Amino acid sequence: MGLTVEERAALATAYSAALSYRSNLPHQPVRPSVGLDEAVARFRQPLSETGEPAPQVISGITAGADGALHAMTAPGFFGYVLGGSHPVGVAADALVSAWGQNAGSASETPAITGMERTLCDWLVDLFGLPQGTGAGLVTGASAANFSGVLAARHALLAAQGWDVEQDGLIGAPAIPVLIGAEAHSAVSAALRYSGLGAGRARRVATDDQGRIDPADFAEKLAQCEAPPLVILQAGQINTGAFDPFEALIAQVHARGGWVHVDGAFGLWAAAVPELAHLCAGVARADSWAVDLHKGLSAPFDAGVVLVRDRAALVAAMSARGAYLPSRNDDWEPSDSTPELSRRARGVPSYAILRHLGRSGLSALILRHHQLAARIACTVAAEPGLTVLNDVVFNQVALCCGAGAEGDRQTEAVLREVQARGRVYPSHGVWRGRQIIRISVSGYATQAEHADLAAHEIITAWRGLHAG
Ligand SMILES: *Cc1c(COP(=O)(O)O)cnc(C)c1O
């Protein structure tokens with residue numbers, strides 16, 4: 001059965017609202033003009049007894065959202081680390097919803113499997129990972145870190161003669177866990193969810209950029225009473241810094257341990273010749289988590305877990321129990337993710353990569369770095385403003401003045417910049433200082449937007465003194 005007139009009108013209304021939203025974006029303030037309470041009040045209504053016509057629901061949603069959306073896809077959005085939902089990905093995402101494929105099953109959804117397998121092959125190749133690396137398309141780096149930790153848990157316990165999927169963790173041999181002092185909160189979450197315990201992880205000291213200190217690492221590694229799980233980082237959230245993979249990974253492997261890399265946004269550097277040095281040695285790790293909705297600007301929510309030993313990922317994830325793939329082309333998507341049913345979330349990323357090509361992707365990620373460096377350079381030239389990090393990648397951590405007074409000034413400048421609504425950096429805390437954090441990670445951000453960001457910050461800073 002096709003569409004009723006009413007259903008067709010609902011789809012047409014939505015597609016045309018999407019087009020006009022994205023077309024008008026450059027003329028809108030980046031931050032919402034409507035507050036949370038008002039936005040909630042707009043939508044909070046009693047569920048009607050008889051329902052509403054479909055097109056009216058869609059126009060009601062667009063009217064209610066007017067002014068209450070954050071322009072996260074705009075080129076002036078520098079908050080957190082978010083991509084910008086690339087229009088080619090958004091277009092493909094519309095098809096994903098319309099097709100309504102349950103992508104958990106390969107044989108039931110051949111076209112999706114074709115695209116998602118190709119996407120995973122491309123990613124393994126772009127990141128320089130070993131052939132045959134297993135991949136699971138998940139919701140983001142949190143789920144990817146969680147999945148990588150479960151694969152590690154499986155392998156490390158199996159090596160000690162313990163079947164964790166069958167017998168659980170109660171009574172299991174211990175797995176020592178090492179993480180950096182500046183690991184992302186998603187890493188702690190993965191340890192909590194996996195039963196390894198966030199509080200049991202031993203935190204390795206880091207330097208002023210948040211990189212693991214090799215001497216403290218060697219000491220903590222020597223204290224491990226069994227082959228450990230070590231979680232390294234490609235891209236520290238405040239500084240963008242990368243751990244020294246080459247040296248650390250070799251030591252872990254010498255002790256029979258497993259290295260997982262949280263590369264949520266940083267692993268993309270491996271795909272760029274000019275930046276690949278940041279990821280030197282990262283391919284020797286055992287598993288990696290990366291976001292598609294950050295560096296690649298895929299629509300939310302999309303990330304991927306990559307595991308060198310695909311069998312470990314499948315053993316940890318497959319809902320089919322003690323199932324192991326017998327053939328390498330035996331690719332069942334749900335065997336590599338915590339979900340059984342899921343949307344075809346790899347398709348938008350497939351479309352974006354197909355659109356960009358190898359050099360387009362490389363140019364995109366390199367531009368993120370160059371624009372971040374450009375902002376840092378302009379801001380650092382202003383007396384009283386300090387860039388706290390070496391801008392090796394796409395993150396800039398800056399602060400105003402000094403001490404507690406400086407922290408208040410930093411907060412005031414950030415509030416002012418956000419309120420002006422032309423660009424949107426976000427906040428953070430780095431080494432005891434309040435910071436303004438700038439992330440250049442959207443597909444649309446260009447030099448003019450970077451210059452505007454620097455200008456807005458400097459203007460607010462000068463205004464603070466004038467006022
Ligand atoms: C964003 C991020 C995460 C969490 O990823 P989500 O996609 O938000 O789940 C984990 N680690 C790092 C370093 C990140 O930047």
Side-chain angles (χ1 to χ4, degrees), residues 70 72 77-85 89 123 127 135-150 179-194 198 201 203-204 206 209-212 230-243 245 259-270 278-279 282 285 287-306 337-339 342-343 345-346 348-349 365 368-369 372 389 391-397 425-430 435 437-442:
H70 205 142
M72 292 175 169
F77 188 87
F78 295 92
Y80 315 102
V81 190
L82 306 183
S85 290
L123 293 172
F127 299 142
L137 290 165
V138 291
T139 51
S142 297
N145 279 316
F146 170 57
S147 304
V149 165
L150 289 193
I179 65 174
E182 303 290 353
H184 194 275
S185 58
V187 165
S188 297
L191 295 172
R192 284 205 302 277
Y193 307 157
S194 62
R203 292 197 165 241
V204 182
T206 49
Q209 301 297 311
R211 290 174 297 223
I212 280 182
V230 174
I231 303 181
L232 304 180
Q233 182 164 253
Q236 206 284 333
I237 190 80
N238 292 306
T239 64
F242 294 69
D243 283 328
F245 302 111
V259 178
H260 172 77
V261 177
D262 176 7
F265 63 95
L267 200 60
W268 290 102
L278 297 168
C279 283
V282 82
S287 56
W288 305 263
V290 62
D291 262 319
L292 301 164
H293 58 226
K294 290 180 180 169
L296 188 60
S297 275
F300 295 105
D301 34 29
V304 59
V305 57
L306 296 150
T337 64
E339 303 98 345
R342 68 165 171 89
R343 66 192 274 102
R345 67 165 59 93
S349 298
I365 306 296
H368 293 161
H369 165 59
N389 64 320
V391 183
V392 296
F393 197 39
N394 65 328
Q395 303 291 99
V396 184
S426 54
H427 65 277
V429 175
W430 180 243
I435 59 167
R437 198 173 71 202
I438 293 174
S439 177
V440 186
S441 35

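Small disclaimer: the values here were computed from a predicted structure and weren't measured. All ligand and atom numbering here is 1-based and tracks the order in the structure.
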Using a 3.5 Å distance criterion without hydrogens, assess whether the side chain of [X] forms a donor-acceptor pair with backbone atoms of [Y].
X	Y	value
Arg345	Asp301	yes
Ser426	Tyr80	yes
Glu182	Thr206	no
Thr239	Gln209	yes

Exercise for review: With sequence neighbours left out, write down each residue that passes salt bridge (Lys or Arg N to Asp or Glu O under 4.0 Å) with Asp243, or none if nothing qualifies.
Suggested key: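 Per chain and number, Asp243 pairs via salt bridge (Lys or Arg N to Asp or Glu O under 4.0 Å) with no residue.
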
Check your understanding: Can you name the residues that come within less than 4.0 Å of ligand 1, going by heavy atoms only?
Key ->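 Within the 4.0 Å shell of ligand 1, which is judged on heavy atoms, sit Gly140, Ala141, Ser142, Asn145, His184, Ala186, Gly235, Ile237, Asp262, Ala264, Phe265, Asp291, His293, Lys294.
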
Check your understanding: Does Tyr193 OH have over 12 foreign heavy atoms under 6.0 Å away?
Key ->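 Open: at most 12 neighbouring heavy atoms sit under 6.0 Å from OH of Tyr193.
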
